[in-house]
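Note sheet for the following structure.
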There are 2 protein chains.
Amino acid sequence: MRPNKRDELVSKALKVFYRDGFHATGMDKLVVETGVSKTSMYKHFRTKEDLIVAALRLRDENFRNWFFQRVDAMAETPAEQIIASFDALKEWFEEDGFRGCLFIKAGAEYQDKDHPIHVQAAEHKQLLLEHFTIVAQQAGAHDPQKLACQIVLLQEGAIVSAVLLKNCDPAEDAKDAAKHLLAKELA
Amino acid sequence: MRPNKRDELVSKALKVFYRDGFHATGMDKLVVETGVSKTSMYKHFRTKEDLIVAALRLRDENFRNWFFQRVDAMAETPAEQIIASFDALKEWFEEDGFRGCLFIKAGAEYQDKDHPIHVQAAEHKQLLLEHFTIVAQQAGAHDPQKLACQIVLLQEGAIVSAVLLKNCDPAEDAKDAAKHLLAKELA
DNA sequence: GCTTAAGTTAACAGATCAGTACACTTTGAG
DNA sequence: CTCAAAGTGTACTGATCTGTTAACTTAAGC
């Protein structure tokens with residue numbers, strides 16, 4: 001089992017899961033789309049669940065890397081970075097093939113809080129929250145924990161609204177809201 | 001086909017879909033849980049998709065009724081009602097068997113924007129948005145549309161966070177954020 | 001060149017999926 | 001009482017689901 005082969009499988013599976021959903025994607029479809037044999041697939045991953053968890057882990061890494069780097073490139077100070085995070089989100093929303101947040105979808109399809117897939121999804125959100133708690137702290141917020149919760153909350157809300165609402169610019173509205181909350185917290 | 005029988009089926013199916021998800025719930029399971037025969041089920045609903053859409057419609061009606069009445073009971077003025085909506089959400093989050101928002105889950109499982117199920121989910125969110133646009137207007141907001149978008153965004157974010165984040169009080173944080181946004185909009 | 005691990009094809013479980021066919025029973029209105 | 005609508009049980013498609021089995025090929029390291 002060449003380890004890079006495994007990574008390639010996870011990466012391709014991730015795309016299909018993101019595009020079509022978890023329950024709606026069968027192993028047979030994945031086998032066809034990755035061009036690998038079924039036997040080989042099951043040598044790399046004991047179960048479909050294992051594959052999904054691996055895909056979520058990869059997505060977590062990819063997304064956080066992209067998100068934080070993009071924010072870093074757009075803003076210098078911590079306070080500006082909090083605001084810039086909504087510009088980064090807006091870029092994401094406008095990407096071709098944007099289909100919402102994989103972790104929200106994972107949490108929606110696997111609702112049991114003890115389920116490994118749900119746990120993995122929750123972990124991603126937790127890591128985002130921790131990151132913005134630190135940034136809020138650096139920005140000098142009176143209550144960094146609360147501000148971070150609110151920022152993440154606005155981000156989640158913007159993602160969901162970007163998927164389900166028309167004639168609306170959720171990233172812009174969320175950014176505007178974040179500006180006010182930030183100003184309050186720094187005053 | 002007695003119409004009340006149909007309503008009963010939709011109501012029971014709704015519970016199962018909410019608890020277990022859409023793809024994860026087969027018609028066989030629904031037949032067992034409702035105690036109806038499969039033939040009868042398919043006389044009431046041409047396809048599973050039809051049943052899901054009917055369940056979403058019922059949920060939309062039930063939820064909006066409950067939500068708006070609860071808010072009405074808790075607050076008098078439009079401005080207070082906007083804030084009270086987050087107290088109502090909190091009550092919902094603390095209910096036994098709370099499993100997040102059925103419409104977010106529907107949108108997550110049926111991602112194609114033209115899919116009837118996705119359309120139905122989007123409609124629910126649109127109706128909420130319209131309601132709060134009117135309330136924002138009554139409250140005397142400078143930009144009722146923007147404020148309503150932001151309120152709905154905070155609500156969605158709170159729901160998602162209530163599902164995926166621990167050690168956090170999303171309803172409280174969202175309420176706090178809403179207070180600031182509202183104050184700004186009325187100033 | 002031999003061994004071994006990683007890969008292949010292809011068929012097969014056994015369960016479950018949405019949906020149908022058919023023959024039967026219940027029930028309510030005229 | 002009669003008739004039609006609404007309901008029943010059960011068995012059945014044909015497809016798809018996750019996962020397995022067995023025999024074969026490829027390729028790299030010693």
Side-chain angles (χ1 to χ4, degrees), chain A residues 1-56 105-106 108-112 114-118 120, chain B residues 1-57 105-106 108-112 114-120:
Chain A
M1 286 192 281
R2 298 198 307 276
N4 55 327
K5 184 79 183 178
R6 193 191 135 101
D7 291 349
E8 187 193 321
L9 289 180
V10 176
S11 167
K12 284 188 180 168
L14 170 56
K15 272 182 198 155
V16 183
F17 283 135
Y18 183 63
R19 193 204 329 129
D20 298 343
F22 298 101
H23 282 99
T25 302
M27 293 299 267
D28 292 297
K29 193 202 285 181
L30 287 171
V31 161
V32 171
E33 293 236 14
T34 56
V36 89
S37 75
K38 204 167 184 182
T39 321
S40 198
M41 184 69 96
Y42 274 98
K43 281 213 175 108
H44 284 289
F45 310 97
R46 220 175 38 82
T47 62
K48 181 184 180 183
E49 190 180 299
D50 284 1
L51 175 56
I52 293 178
V53 170
L56 288 178
K105 296 194 280 190
E109 288 203 45
Y110 301 89
Q111 308 185 70
D112 188 344
D114 298 326
H115 194 294
I117 294 175
H118 189 102
Q120 196 64 39
Chain B
M1 288 193 280
R2 297 198 309 277
N4 56 328
K5 184 79 181 174
R6 192 190 135 101
D7 291 350
E8 188 193 321
L9 289 179
V10 175
S11 167
K12 285 188 176 167
L14 171 56
K15 272 183 198 155
V16 183
F17 283 135
Y18 182 63
R19 192 201 335 125
D20 298 343
F22 298 101
H23 282 99
T25 301
M27 292 299 268
D28 292 297
K29 193 200 284 178
L30 287 171
V31 160
V32 171
E33 294 238 13
T34 56
V36 90
S37 75
K38 204 164 184 182
T39 319
S40 197
M41 184 68 96
Y42 274 98
K43 280 213 176 108
H44 284 289
F45 310 97
R46 218 174 40 80
T47 62
K48 181 184 181 184
E49 189 180 301
D50 284 1
L51 174 55
I52 294 178
V53 170
L56 289 178
R57 268 199 254 267
K105 296 194 280 190
E109 288 203 47
Y110 301 88
Q111 309 185 69
D112 188 344
D114 298 327
H115 194 294
I117 295 175
H118 188 102
V119 170
Q120 196 65 37

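Chain letters run A, B, ... following the sequence lines, proteins first, then strands; residues in each count from 1.
- Counting to the nearest Å, the P atom of dG19(D) and the NE2 atom of His44(A) are 16 Å from each other.
- A search for side chain to side chain contact (heavy atoms under 4.5 Å, CB included) contacts involving Tyr42(B) returns Met27(B), Lys38(B), not counting sequence neighbours.
- Side-chain atoms of Lys48(B) and Leu30(B), non-hydrogen and from C-beta on, never get closer than 4.5 Å to each other.
- Scanning for ring pair (Phe, Tyr, Trp, His ring centres under 6.0 Å) contacts around Phe45(B) gives an empty result, with sequence neighbours left out.
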Side-chain atoms of residues 9-16 of chain B: list all donor-acceptor pairs with protein atoms under 3.5 Å, sequence neighbours left out, distances to 0.1 Å.
none

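- If you take CE of Met41(B) and C1' of dT10(D), they are 17 Å apart, rounded to a whole angstrom.
- Partners of His23(B) by side-chain hydrogen bond (donor to acceptor under 3.5 Å, both in side chains), not counting sequence neighbours, listed by chain and number: Glu109(B).
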For a quick check, with a 4.0 angstrom heavy-atom cut-off, what is the B/S/- contact string for nucleotides 15-22 of chain C, read 5' to 3'? --SBBBBB
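- If you measure from atom CZ of Arg6(A) to atom C1' of dA5(C), you get 17 Å, rounded to the nearest angstrom.
- The side chain of Ser40(A) contributes no N or O atom lying less than 4.0 Å from OP1 or OP2 of dA6(C).
- Applying the side-chain hydrogen bond (donor to acceptor under 3.5 Å, both in side chains) test to Glu33(A) and every residue at least two apart in sequence or in another chain returns Arg19(A).
- Computed from coordinates, the Lys43(A) NZ to dA22(D) C1' distance equals 11 Å when rounded to whole Å.
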